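Inspection log for the structure reproduced underneath, given as structure tokens.
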Amino acid sequence: GKLLRAVYAENQLSEMLTDFWFNHFNVSWTNDRTRPYLVAFERDAIRPNALGSFRRLLGATAHQPAMLLYLDNAQSVAPGGAPTTFGDEMALAQKTQKAKAPAKTPDKKPAKPAAKSAKPSPGINENYARELMELHTLGVDGGYTQQDVTEVARALTGWTIERPRQGGGFVFNPRLHDPGEKVVLGHVIRAGGGESDGEQVLDILARHPATAAFIATKLVRRFVSDAPPKALVARAAARFRQTGGDLREVTRLILTSPEFLSAAAYGAKVKTPFEFVASALRATGADVEDARPLVRELQQLGMPLYMCQPPTGYSDNGEAWVNTGALVSRMNLALRLASGQVKGTVVDAAISVQLNGEVSGTTRATIARATDAPKMIALTLGSPEFQRR
């Protein structure tokens with residue numbers, strides 16, 4: 001569905017931003033626990049908020065089971081703060097075959113000192129708290145400390161999933177939450193706040209100046225240059241702060257800026273494999289009856305859909321995608337596509353693919369040597385100019 005939307009959707013900006021924000025808040029299909037929730041993550045959290053409020057987008061991702069599982073927050077428990085262990089909670093939630101009705105957690109007597117052979121008690125997991133600040137909001141140089149990571153993780157204990165193996169959604173479980181006072185980036189979160197502790201954390205992070213700068217930098221890098229112009233980043237960050245994180249206004253400022261409209265920015269960005277395949281299909285007017293072979297082609301190009309394992313997402317720098325082997329692979333795909341060798345996709349061999357902007361003499365001469373229409377299409381799609389956005 002993602003590739004077909006990229007090829008056929010009329011609102012290309014919406015598709016580009018959905019792809020951008022999914023990558024920013026990356027979750028991976030390679031995680032078995034995440035997989036059942038991944039489609040809903042993009043559909044319900046990313047797509048509706050790509051041009052909305054950053055705070056709303058941040059909150060939507062924080063409440064999604066895919067994110068809670070991918071970065072382990074569903075397992076994060078206040079040590080000693082719950083009347084039952086997290087393992088009991090999960091086991092109780094996952095009795096899908098044995099119990100027809102929801103079971104109740106059995107009462108427990110006061111815990112005794114653990115025996116040496118006992119399994120380690122579950123506790124706070126800091127994975128999501130760290131990536132929330134490093135990758136989603138403040139950036140690695142955003143001024144937070146390890147203590148802030150711990151405090152954010154404490155605030156987010158109890159943010160978990162109801163009946164995870166039955167496809168349940170987000171639930172706040174107060175029995176798993178650390179009710180004590182927290183201090184995040186100098187802001188005091190008073191004790192006893194429950195679920196609101198996590199919401200306050202998201203508020204603090206969304207309005208932090210470092211977040212405005214980090215998001216502005218990533219958006220300018222996406223649309224303008226691998227080396228984002230500092231003046232444009234500063235203006236975009238200021239607009240982010242002035243509007244309370246209105247992504248439509250920040251995006252509007254970037255796309256109407258002199259830097260974006262400059263000759264230097266034209267063709268400055270290299271297409272990722274996903275963008276190359278989508279643009280090749282659009283340029284050739286391809287009729288895609290079965291996208292699965294194309295998804296496999298993307299895997300061969302080094303960018304399998306939804307399968308970026310680290311939470312950083314795929315790189316948006318050209319150097320990550322440009323090397324001799326990668327360009328040869330793109331040319332080979334172009335040849336197969338133009339020759340009708342990609343199953344499920346039909347390209348009209350009579351179509352003329354145009355290269356916009358300046359085209360080098362070498363490229364013109366190479367295309368002119370094509371002996372038939374499919375080769376002409378392939379050489380055009382494989383040209384250096386077509387690799388540029």
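For the single chain, residues carry numbers from 1 onward in sequence order. These numbers were taken from a predicted model, which means no experiment stands behind them. Atom set for the values below is all heavy atoms of this structure, side chains included, hydrogens, waters and symmetry mates excluded.
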**Q.** CG on L381 to CG on L333, rounded to 0.5 Å
**A.** 8.5 Å
Q) Less than 6.0 Å separating the ring centroids of W159 and H177? A) no
Q) When you measure from the side chain of T211 to the backbone N and O of L205, does any donor-acceptor pair fall under 3.5 Å? A) yes
(Q) So, taking the atom named CG in L58 and the one named NE2 in H136, what distance separates them when rounded to the nearest 0.5 Å? (A) 8.5 Å
(Q) Any non-hydrogen side-chain atom of R369 less than 4.5 Å from a side-chain atom of M376? (A) no
Q. Judged by atom type as modelled, is there a donor-acceptor pair below 3.5 Å linking the side chain of T150 to the main-chain atoms of Q146?
A. yes
Q: Could you tell me whether R330 sits above the aromatic face of F276, with NZ or CZ closer than 6.0 angstrom to the six-membered ring centre and within 45 degrees of the axis?
A: yes
Q. Quick one: does N173's side chain have a donor or acceptor within less than 3.5 Å of a partner on T160's backbone?
A. no
Q | From W21 atom CH2 to I215 atom CD1, the distance as rounded to the nearest 0.5 Å | A | 4.0 Å
Q) Counting only N and O atoms by type, is there a donor-acceptor contact under 3.5 Å from the side chain of D178 to the main-chain atoms of A78? A) no
Q) Taking 4.0 angstrom as the limit, do R55 and E199 come out as a salt bridge? A) yes
**Q.** SB check E134 R130 (cutoff 4.0 Å)
**A.** no
Q: Assess whether side chain to side chain donor-acceptor pair (under 3.5 Å) is satisfied between S329 and N332, documenting all intermediate values.
A: CA-CA 5 Å; S329 295; N332 289 336; 5.5 Å; no
Q.
Taking L132's backbone N and O only, do any of them form a donor-acceptor pair with T137's side chain (distance below 3.5 Å, no angle check)?
A. yes
Q: Please assess N73 against N127 for the test side-chain contact (heavy atoms from CB on, under 4.5 Å), listing each intermediate value before the final yes or no.
A: CA-CA 7 Å; N73 201 81; N127 288 354; over 6 Å; no
Q. When you measure from the side chain of E275 to the backbone N and O of T272, does any donor-acceptor pair fall under 3.5 Å?
A. yes
(Q) Let me confirm one number: the CH2-OH distance from W29 to Y37, rounded to the nearest 0.5 Å. (A) 13.5 Å
Q.
Among D246, L253, L247, which residue satisfies the side chain to side chain contact (heavy atoms under 4.5 Å, CB included) criterion with E249?
A. D246
Q) Strictly by modelled atom types, are T18 and E42 linked by a side-chain donor-acceptor pair under 3.5 Å? A) no
Q) Mind checking what makes side chain to side chain contact (heavy atoms under 4.5 Å, CB included) contact with N11, not counting sequence neighbours? A) L13, S14
Q: Return the minimal non-hydrogen interatomic distance between M307 and Y314, and the atom names on each side.
A: C-OH, 3.7 Å
Q) So does E297 pair up with R292, basic N to acidic O under 4.0 Å? A) no
Q: Compute the centroid of each ring, for Y306 and then for F22, and state whether the two points are separated by less than 6.0 Å.
A: yes
Q: Scan R154, R190, K182 and name whichever one has a salt bridge (Lys or Arg N to Asp or Glu O under 4.0 Å) with D197.
A: K182
Q: Mind checking the OG1-CG spacing from T61 to N26? Nearest 0.5 Å is all I need.
A: 12.0 Å
Q) With sequence neighbours left out, what residues match T363 under side chain to side chain contact (heavy atoms under 4.5 Å, CB included)? A) L355, V359, S360, I367, S383, P384, E385
(Q) Tell me whether R239 contacts the main-chain N or O of I254 through its side chain, where contact means a donor paired with an acceptor under 3.5 Å. (A) no
Q: Using a strict cut-off of less than 4.0 Å between a Lys/Arg side-chain nitrogen and an Asp/Glu carboxylate oxygen, indicate whether D316 and K269 qualify as a salt bridge.
A: yes
Q. Measuring from F223:CZ to L232:CG, what's the distance to the nearest 0.5 Å?
A. 11.5 Å
Q: Could you check if a side-chain atom of T345 sits within less than 4.5 angstrom of a side-chain atom of V288, using non-hydrogen atoms only?
A: yes
